[in-house]
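Down below is the structure, laid out as structure tokens.
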Amino acid sequence: DAGVIQSPRHEVTEMGQEVTLRCKPISGHNSLFWYRQTMMRGLELLIYFNNNVPIDDSGMPEDRFSAKMPNASFSTLKIQPSEPRDSAVYFCASSSQAGGRGEQYFGPGTRLTVT
Amino acid sequence: GEDVEQSLFLSVREGDSSVINCTYTDSSSTYLYWYKQEPGAGLQLLTYIFSNMDMKQDQRLTVLLNKKDKHLSLRIADTQTGDSAIYFCAESGQGGKLIFGQGTELSVKP
């Protein structure tokens with residue numbers, strides 16, 4: 001398996017623009033997680049899905065952030081409009097909750113810079 | 001609530017042992033995990049321990065779990081420069097999510 005795939009790997013955009021980050025989880029995994037990592041706040045869980053349904057979005061910073069999972073093999077995290085303080089590395093992770101250990105497998109991340 | 005605490009930095013000399021410590025709050029966690037993050041990469045599962053165990057050894061890695069004190073440690077024997085990374089402790093939380101610590105940055109000096 002190719003592991004969790006994220007795109008793009010790097011994104012540089014201007015303040016006010018819409019940003020869409022994409023994630024393809026590991027095939028067969030039924031849980032998907034979006035994290036944000038910054039020097040100041042460390043690793044933060046933004047939202048997670050079980051079987052394509054959002055379970056907990058309490059970590060989403062504000063209404064400018066939205067996430068969708070239209071099917072088991074694809075998820076997006078959208079920021080509209082983007083602001084400089086959104087600059088961070090965004091990770092997607094997936095796991096299997098079907099009687100397993102529940103460990104999460106992380107993608108390589110998308111480094112977002114908002115100028 | 002669920003919370004995981006780690007010290008932020010650890011510096012050791014090559015060849016020495018490293019011990020990274022972690023405390024957690026949720027006594028119902030089934031598994032506890034150690035993840036490693038190298039520069040510019042995502043987190044990678046290093047090892048895990050089931051909550052009814054008190055020790056697990058995997059080559060140079062030894063995980064110790066003290067359930068009474070809710071204390072988890074990761075010992076790396078014969079630490080190499082390639083072990084320099086950020087190490088995250090995590091406990092299993094509600095609904096399948098993991099609760100991560102802040103990460104310990106391990107620096108290995110030659």
Side-chain angles (χ1 to χ4, degrees), chain A residues 2-7 9-10 21 23-26 29-60 88-112, chain B residues 1-9 20 22-24 26 28-53 56 58 61 63 65 72 74 85-107:
Chain A
V4 175
I5 298 172
Q6 291 187 248
S7 65
R9 292 296 309 278
H10 302 272
L21 311 181
C23 176
K24 182 180 188 316
I26 291 173
H29 281 188
N30 63 335
S31 294
L32 183 141
F33 305 80
W34 281 103
Y35 292 89
R36 178 173 69 177
Q37 186 177 37
T38 60
M39 290 289 289
M40 291 294 293
R41 288 200 288 269
L43 190 68
E44 302 173 277
L45 176 64
L46 300 178
I47 185 171
Y48 73 99
F49 297 83
N50 279 349
N51 297 317
N52 312 340
V53 176
I55 301 301
D56 183 354
D57 65 354
S58 59
M60 295 286 261
V89 181
Y90 291 81
F91 289 104
C92 175
S94 71
S95 73
S96 172
Q97 299 301 314
R101 293 186 299 266
E103 70 267 28
Q104 293 178 14
Y105 294 83
F106 282 72
T110 295
R111 182 172 294 277
L112 173 65
Chain B
E2 303 159 325
D3 195 19
V4 178
E5 298 281 337
Q6 298 177 241
S7 53
L8 296 182
F9 300 100
I20 303 171
C22 168
T23 57
Y24 61 97
D26 188 357
S28 66
S29 293
T30 307
Y31 288 95
L32 296 121
Y33 312 84
W34 283 104
Y35 279 79
K36 177 183 181 182
Q37 184 181 30
E38 295 183 349
L43 280 69
Q44 184 177 18
L45 180 68
L46 200 56
T47 188
Y48 64 93
I49 188 166
F50 189 48
S51 58
N52 71 353
M53 298 169 65
K56 179 180 180 181
D58 183 1
L61 305 178
V63 178
L65 174 61
L72 183 73
L74 174 70
I86 302 175
Y87 291 80
F88 291 88
C89 166
E91 63 173 346
S92 47
Q94 296 295 321
K97 66 180 182 180
L98 298 185
I99 312 302
F100 285 91
Q102 315 94 302
T104 299
E105 184 175 347
L106 174 64
S107 173

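Values in this document were obtained by computation on a predicted structure and should not be read as measured data. Note on naming: letters A, B, ... go to the chains in the order of the sequence lines (proteins, then strands), and numbering restarts at 1 for each one.
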Pairs of donor and acceptor atoms involving the side chains of residues 41-53 of chain B, under 3.5 Å and at least two apart or interchain, shall be tabulated with distances.
residue  : atom : partner   : partner atom : Å
Tyr48(B) : OH   : Arg101(A) : NH1          : 3.1
Ser51(B) : OG   : Thr30(B)  : O            : 3.1

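- A ring-centre distance under 6.0 Å is found for Phe33(A) and Tyr48(A).
- Here the side chains of Cys23(A) and Ile5(A) are not in contact, with every heavy-atom distance at 4.5 Å or above.
- With a threshold of 4.5 angstrom between heavy atoms, Gln37(A) approaches chain B through side-chain atoms but not through N, CA, C or O.
- For a residue to count as touching a neighbouring chain, one of its non-hydrogen atoms must lie under 4.5 Å from one of that chain's; by this rule Ile55(A) does not touch chain B.
- Interface summary for chain B: among Gln104(A), Gln6(A), Arg111(A), the most heavy-atom pairs under 4.5 angstrom belong to Gln104(A).
- At a 4.5 Å heavy-atom cutoff, Arg41(A) makes no contact with chain B through either its backbone or its side chain.
- Note: Trp34(A) CH2 to Phe91(A) CZ = 11.5 Å, rounded to the nearest 0.5 Å.
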